[in-house]
Each structure stands twice: as C-alpha cells, then as structure tokens.
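Have a look at the structure below, then the notes.
A, B, ... follow the sequence lines: proteins, then strands. Residue 1 opens every chain. These numbers come from a predicted model, not from an experiment.
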Amino acid sequence: MAKHKSTRKAGGKIALNAVMMAVALAYLLPLWYVLNNSFKVKSFISKQPFYLTAKSFTLNNIAEAFDKMEYLVAVKNSLLTTALTIIMLVIFGSLAGFGITYAKSKPLEYAYTAYVAVISIPLQIAMVPLIVMMRRIGLTDSYLGMAFIYNASYLPFIVFLYTGFMRTIPRELIDSAKIDGCGPLKIYLKIFMPLITTITGVVIIIRGVSCWNDLFVPLIVVSKPSMFTLPLKLYVFATAQEGQWHIVFGGVFLCIIPIIILFFAMQKTFIKGIMSGSIKG
Amino acid sequence: MKKLITLLSLLCLAATTLSACAAQPGGAQSESASTPTATSTASETTAVPPVTLTMALMCNDFYDTAQEMAAAFESQNPNVTVELSQIPNAINEYLQPKAAANLLPDFMSVNADSFALSLYEEGLLADINDYPDIKSRIIPQLVDPFIAPDGGYFGVSGGLSSVTIYYNKELFSQAGLSDADIPQDWPQFLAVCESIQSANITPLIVATADSTANNTFWTIGMATNFSAKGKDYAAAVKDGSFDFTQPGYVDVYAKAKTLMDGGYLVKGVTSLKAPGAMDTFLQGEGAMLFAGIWLAGPVFNGAEFEVGVMAAPWNEPGEKKGCFLGSETGYAIAKNANEEWSAKFLDFVVNGDGFYIYQNGRGNQPYILDYDESRIKMHPDMAAYVKMITTDTDFASGQPPYQVLQSKMLTQIPTTVQQVLNGESTPEQAAEIFNDLYNEK
Amino acid sequence: MKYKEKRKRHLDLARNDTLIGFAFIAPSALIIILFMIVPAAMSVHYCLTDWNGVSSSYNYVGLQNFTNVITAAEFPKLISNTLFLMVLYVPVLNILSILFAVILFDIGKLSNFYKIVMYLPNILSVVVAGVIWRMIYNPVIGPVAQLLKLIGLSHLMQDWIGQSGTVMYALSIGILWYATGFYTLIYLGGLSSIPMDIYEAAAIDGIGHFQKLIYITIPMLMPSITINMVLATIAVITGFELQLVLTEGGPGYASLTMALKAYFLAFREQRLGMSMALSVMITIISVTASLIMLKTLRKREVES
C-alpha cells in the first residue's frame, strides 16, 4: 500500500514536471525569439524566426543599435539614477521605519497609516505639475530630480515594508539599549542596521529593478538626449525604427543584457529576496 | 478608517496651500528667452563661444542623413557641438512635456499643426521672419501652412508632401495587370483590387495604427469629396460651421470600409504603423502601398522589384481626382539662448550644403525654389508623379485638410478609421463621434 | 505627588520619543509631500481648468472636464476595459500564481530552474515586453504568422492586437507572461511560512490534495493573497506603459484604459484639464479599491 502510494506520487511528480517544462518553454520562447533574432541578418528574420544558422548570423544589428542608441550614455544614466534612488530609498525608508517603531506612539501610528494610504495614489496624478515644478526648482534633467520622484512614489511602500519588519524585532532590544544610555540614532545605527540587511536586500532588488526599467518618469521629466535612460532610449528607438526589426532586436538585446547578467549572477538573492519580502506583508 | 480619512484630508489641505503659490503653469516660460542672446552676439567679434545645439528630429527614415548633416555643420562651425536625438513619429507627444517645462530642444521637428502653432503663440518658438534669407527661398505653398494668425512664421517645411499608391510591378503582372490597367476612378480601383486578390496576393498595404491614417484614407477622401468639388472645407471648420455628419464626410469612412469588407487590405491593417507598412511592402507581402511621397527614397531604393506610383483614384467616374499638396514635417527653432545658432543651422539646411545632404538622403520633394539640379538625385517616376498632381487639370490639389484641426480631433482620425475598419462603428457612427468631438466645449 | 511626578516624567519621555520619531520620518515624509502630495493637489486644481499644457493662461471651467470625460464616446469602453482587467485578469493572475506556487513548492530538484525562468520576464522593462509581443503578434511577418504559413494554416492567423474582439485577451497574455513569476514567488514565500505540522495533522485525517488546498493552503496564504490582490489591482488601474507600447489603446478604443487615456489626453490631445480630471478619478478608484480589498481580505484573514 505504502509502496503503491509512493510510486503514484513519483508518477505525479513526473507529470507535474512535464507540465512545468511546457510552461517554462512558453516563458522562454519569446526571449529566445529576441535573442536569436538579434544576431540574425534581416532577410532571415521572418523566414527562420526560431533558429540561427551560420549563414544568417551577424553582429551588425547589435553594433548598429549600440551606435544609434548611444548605448553607453544610456546605461550610465540608468545606472546613476538607479543607484541614487536606491541609496535614498534605503536610508530614508529605514529611518522612517525605525522612527515609527521606536516611538510607538499614537501620532506616529497615524503617520504610518498615512504612508500606507499613499501607497495606492498613482504617480500619474502628480506628473504634469511635477514637470512644471521640477523646472522651477531646477531639477529637470538631473539624476537627483528623477531620484526624488522615484522616492516619492516608492517610499510609502518601502516604509510599510521596513516598519512591518522592524516591528518583529523584540522591543526589549530598544528598551535595554535605552537603559544603557544609547540615543535613538545610536540604536538605529548599532542595533537595527545590522538586523535589517535582509529586508534591505529585498528593497534594493524590487525597487532597483523597477527603477532601472521605468519608462514613465524619464519620458516626462527628461528633455536632454544626453540624459535619456535605457528604457526611454529603447522606447524612442523602437517606435521610430518599427519595421527595421533587426535593429530593434539588437536594441532589445542590448537593453536586457545587463539586467539578465545581474539576475543570473545573483539569482538566489533575487528569488529569496522576493519570497522573503512577502512574508512580512 | 475615520482617522485615515481625517488624516488624508488634512494632508490634502496642507498640500493645496503649499501648491497655490506654484500653481501657475508656464509662468516661468518667458524669463529665459530674452537675456542670453545679447551675450553671444557681443562675444562673437572677439572669440566664438562653444555652443551645444540640442536637436530633436523625427528621422526614422533618414537617421544617417541627419547625422551627416549634423557632422557637416559641426565641421563648418568648429565651436558648435550638435547633440542629435531621434524622436518617434508622435512628435507632439514628445514635445508636449518639454514645452510645459520650457525645455524645448534648440532645433526640432514640427508639423504644420495646431500644436506647433500653440508653441509659437506661447513664445516658445522663434519667428523665422527674423531671418529673411530663409523664407525667401522656400516654395511659397510650403510657407503658408506655417504662418500664424499674427503673421509669424514658425516652421520651415521639410519637403513637399502628398500621398501616392506605390505598386509592385512584379506582383501586378502576376495578377495579369499591366501599366495600362492603372485605375482612374473608384470602381476601376476596386476592380484592380479584386483581380489582385483573386491571384492570391494582398492588394493594399496601409498603416492605420498611427497618424498615417490622416494622410491616406482621410485626406484623400476629404480632397476628393470636398476640395475637388470646390467646397472650402478648411474655412468652414475654422469658423465652427462644418457638419461632420454630412454624406461627403461619411463617405470618407465608407470607402475605407468598402476596401476592408472586400478583403483588400493587408492583414493587421489596424495595428500596422507606417514603417511596418513600408517594410511589409518591401518584403513583397502586398501589391500596393498607400503612403506618403516622403517614403519615395527608401521605397525605390529598398525594393528588390520594380516600383510604380499612381494617384489614389477615390473619385467617381468622370469626376476630378482629389489630392493635396502639403508640407512634410518641418523644422522649428526654439526661442532661447541658442536661437542664433539654431537659425544658422536652419540656414544651412535651406541655403547651404545641408539641403543637398538631406535631399539626397531622403529622395523626397525639395522645399526650396531654386537649387543645383545636378547635385540632387530624385527618382524620375516620383518627379513625374509630383508634376502630374501639381499641374494636371484632372487633379484638384489643395492644402491638406487636417491642418486646421485641433490636436484632440487630429488624434481621433486614426481611432475612428480603425473603428470603422473593425466594424465597431458604422461610417455614420464614426462621423457622429467626430462631429461630437468637434462641437464639444 | 510622587506618582504624579513619575507620570509626568513618563509622559515627557513619551512626547520626547514622539518628537524623535517624527524627526526620523521627516526626510521621507518631506519627499513624499513635496514630490507627490503637492503636485497631486496641483492636479486637483488643474482639473477645474481648461489648461492646454503649454499656454501660460487658462480659465476655470468648473466641473466641465469631468462632464467631458464622462460623456466622451470612449468612456464606456474605458470603464469596461479597466473592469475587464480588474475582474478577469486580477483573479486569473492570482489563481495561476497560487497554482504555480503550490506545484513548485514540492516539485523537487528543478524547482529553482522553474522559478528563475518564470521570474525572468519580470526583470525586463515593460517597454521590452511590449516590443517583443508586438513583434510576436505581427500577423504578416511575425513568428507565429510565419510558422502557420509553414504548416499551411496561415488562414488561422489573425491580427490579435488589431481586432477589437481579441486585443484585450492578447494584452492579458502579455501581462500574464510578464507578471506571473513575481506573484508566484510571493506566494512561494507565503507557502514556506506555513508550519508543516498542519499538513501532517491533515495527512493523518486523510485529507485529499484538493481539500488540502482549499481548507489549509489558501486560508494560510491569506496575507500573501491580500498583498497580491491589492498590488495587482493598483497595477491594473494605474499602469499603462505596456498598452502604450503594444497597442496604443487601439484598434479604436478597444484596448484603451483609463490610465492610458489620461496619458493621451495630457500628451497627445493637449487637454490637460481633462487628463487631470481623469487622473483624479483614477486615484479615487485606486485608493477606494485597495481600501475595500484590504478590509475584506483582512477580515477573512482574521476569521480563518
């Protein structure tokens, strides 16, 4: 009986694996389509969409896209914007989470509720006035300007995450540190900082990726081409080159390659990060 | 929950007070315009200051040419660095946020439409009347669309524009058609489509997922049903008295629907954009391409088969064919510190080598009056076609009818055309929608 | 006296802590207020005007913009498309993700491979996703069209994103491809926090797989479900980038959603006032929807 059950279980597992293989294939096919076509001579793209031959292989698409997209400039812009955004997010987000956890008083409870309420306000509603405002304060076409906008739209959720996590840290840690005469800043730096590395990893991954990939903010607030981020560059490039599929594929390839390399280098952190970030919802 | 609402409303209240002082859009727009020009003229006599010109050009079919122009200009003016960026066909969408922040590029593509006019009226675009050498060289018909009500001249045309039907001669002969079968009126056109289709070839490729629809179905329809019949459509639209539900307008949609119902249009017509349409034609996936004459260069050079051009015969037998002669997307210069140098670049494009680089790169119809014909290449068929629509008495060519429309209506032309093609609305309903938009407050 | 003094000191300390707390939240609060709340409030102001986005002058038109938005020909379609995504796509996405998570949870060795593959699209930009799917759906020279042509079935090929009947489904497939991985991972995180002994107890009682899913897994997953439903709903109501790249809302209004229309009104049609009016409506819907969802789902969490 027991034996029968375990073979059935193994059989079920094989079936499930077969299903998941098919799903995985469906997920990979669009990416493979891009990948193999970005190395293909144009006239072969529609004839042989899913495989490469020696005859159809070329590096010209990527070279041309690299040139026309001013790739390195775009990568630099995306990198700096993302880095600045993330640094600010982590510092300001953890500070706020700590403040709320530390004080444990009614007014800060309200503040926390306000943060949570703001999560669902879309950035869109602020966008047009932001364009005018950014110019007024001289922050158009600057990394800092973009970082501020991203922070305004991401921080509510980040504060929510940090607070949720910090509340699980035993209260006694704060109380005993207080008795030892530690000031709040010291408690934050010495006690909380080391404890929040996991959640900080989650913040960096989730928001780093969404910031790196964002189109909307640069589309609206960036005007100088030398400040274009990668997604904006690709949007402009792909809409203007539609029909020139080979170059578009080259551009898409260039766009996804940095993040894919990063993902594969750190896949464990990525996956663990997202999985663990959710538990404290 | 109550607390939350109180808190939110408090926050909003605080924010509104804070924002009240900043709530004037565009208020800052004029401040930068006047001062810096003086400094650059003053210093010109001593040393030429380095200048970076930002340039945003819609150049999907001539990016290399645009780069060549920029490089040539840089080598003639060593102090200038050109920062060229290619922008999508939806120019207005790209420029709008820049205009709102008063950060337009120094030199940019604009269409002769109400959006560009509003930029000029807001003082964001320079008046090119200030540079008389430019205006005097442009074909007068191409100057008019860029003239503001106050007489200002806010853009220089990038070429003479009209539409045509390119046809694949190979596929035509496969369908048993010769040059003698070129249709002269609407019934003949449908007959040609029918015989192409019965040879298992897609008859007509046209893009309707972008503003191409404005130039093809819509404009030719309007030109045939109004301009060719001597009706002054533009004036009526301007003074608000035009009725978009009249039969002549409904027919504009109805003709598109007839082609769709006959199965003559390429698969995917409602999701196809101009560059994709051209690509499909060049790959031999359809016998005819309904598109602008500005694609002549890439179409004639890119095709591996023989290409011919014909007028779109939307007319009933015995009636005049309708066509239009308009301006292509042109250039404007921002009213800012770099205006002088932007104007120099404009001069380079109109009076200098820039013209020849541009012309040979695009192979479209020149926008200036007299030029060195030996220096430019133009496909003879295209030249003959333009001559035909400009001089032949069978044609009634006028200004393109969409230039008088507001942005909100202009953007609805492709939408309404798509709806008709998809059978989502009848031609009458589409006309009704358009009319409602026109009469909206 | 002594007690009173002690109490006072205690209050002082608490007040002190509150002040410290506010000092800590100040930077983030300031950024949010300055770059989100203030401009949002300015939008509320613009939605009462006829500002065209360029002009330095505008007139107050009262609630005309709201009237125009609601009476516009495309408005019913905007609502139905947004609802389509909320009612059909959000539950489908979550059901699929839970299913995948449950399968992946004890599938064995290859689980990590599946996780990586499924999460892969999510690290790409929406622009990339849009461009890829636009090419895939191309009915003449796209890969599907070419494959069908090869096997002589080209008559089956349709213009998935160019037909009003299919465009929303085509779009949904694109979003599902893009998003399922992320939601699956969140559910996997939720699953791993369910104590094993519950299942063991259930196994003794002889409960089947399906019952296990319904009576144990899903109730225990409620926190993750809550967060995912809210995230997906907000994303659906406010997101528009994929539609912008993939369909531009077409054909006609067939895939136009409220958020995309708000974008078009502002940046294509020069009707900023109307755009802001629509944005205000979107904000109200987004905030209300997530509050309602949070409340009901939390309630269920407590009950279970």
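The shortest non-hydrogen separation linking A:C255 to A:L230 is SG-CG, 3.5 Å. What you find for C:S28 and A:A96 is that their closest heavy atoms are OG-CB, 3.3 Å. Between C:P39 and C:L34, the closest heavy-atom pair is CD-O, 3.2 Å. Between C:M118 and C:L104, the shortest heavy-atom distance links the atoms SD-CD1, 4.3 Å.
If you tally non-hydrogen atom pairs under 4.5 Å between each of A:A126, A:G251, A:G183 and chain C, the highest count goes to A:A126. When each of A:G93, A:S153, A:P156 is scored by its heavy-atom pairs under 4.5 Å with chain C, the top score falls to A:P156.
Both the backbone and the side chain of C:L124 have a heavy atom closer than 4.5 Å to some heavy atom of chain A. Contact annotation for C:I20: only side-chain heavy atoms (C-beta onward) come within less than 4.5 Å of a heavy atom of chain A. Of the two parts of A:L139, only the side chain, counted from C-beta on, holds a non-hydrogen atom closer than 4.5 Å to a non-hydrogen atom of chain C. Of the two parts of A:I91, neither the backbone nor the side chain holds a non-hydrogen atom closer than 4.5 Å to a non-hydrogen atom of chain C. The contact between C:M135 and chain A is made by backbone and side chain atoms together, counting heavy-atom distances below 4.5 Å. When heavy atoms are compared at a cutoff of 4.5 Å, C:L147 approaches chain A solely by way of its side chain, counted from C-beta outward. C:N138 touches chain A through its side chain: at least one heavy atom from C-beta onward sits under 4.5 Å away, while N, CA, C and O do not. With a threshold of 4.5 angstrom between heavy atoms, C:F182 approaches chain A through its backbone and through its side chain. In this structure, chain A has no heavy atom under 4.5 Å from any part of C:A129. Contacts of A:F264 with chain C are made by side-chain atoms alone, with heavy-atom separations under 4.5 Å and no backbone atom involved. Contact of C:V280 with chain A is made through backbone and side chain together, with heavy-atom distances under 4.5 Å. Heavy atoms of C:I284 lying under 4.5 Å from chain A are absent altogether. No part of A:L262 comes within reach of chain C, as not one of its non-hydrogen atoms sits under 4.5 angstrom from that chain.
Side chains of A:S94 and A:Y188: a donor-acceptor N/O pair is present below 3.5 angstrom, by distance only. Between the side chains of C:T180 and A:Y27, a donor-acceptor pair is found at a separation under 3.5 Å.
A salt bridge between C:E248 and C:R134 is absent, with no side-chain N of the basic residue lying under 4.0 Å from a carboxylate O of the acidic one. We find that C:D17 and A:K178 are joined by a salt bridge, their nearest charged nitrogen and carboxylate oxygen being less than 4.0 Å apart.
If you look at C:Y187 and C:F105, their ring centroids are not closer than 6.0 Å.
A tilted orientation is assigned to the rings of A:Y102 and C:F24, their planes being inclined by 30° to 60°.
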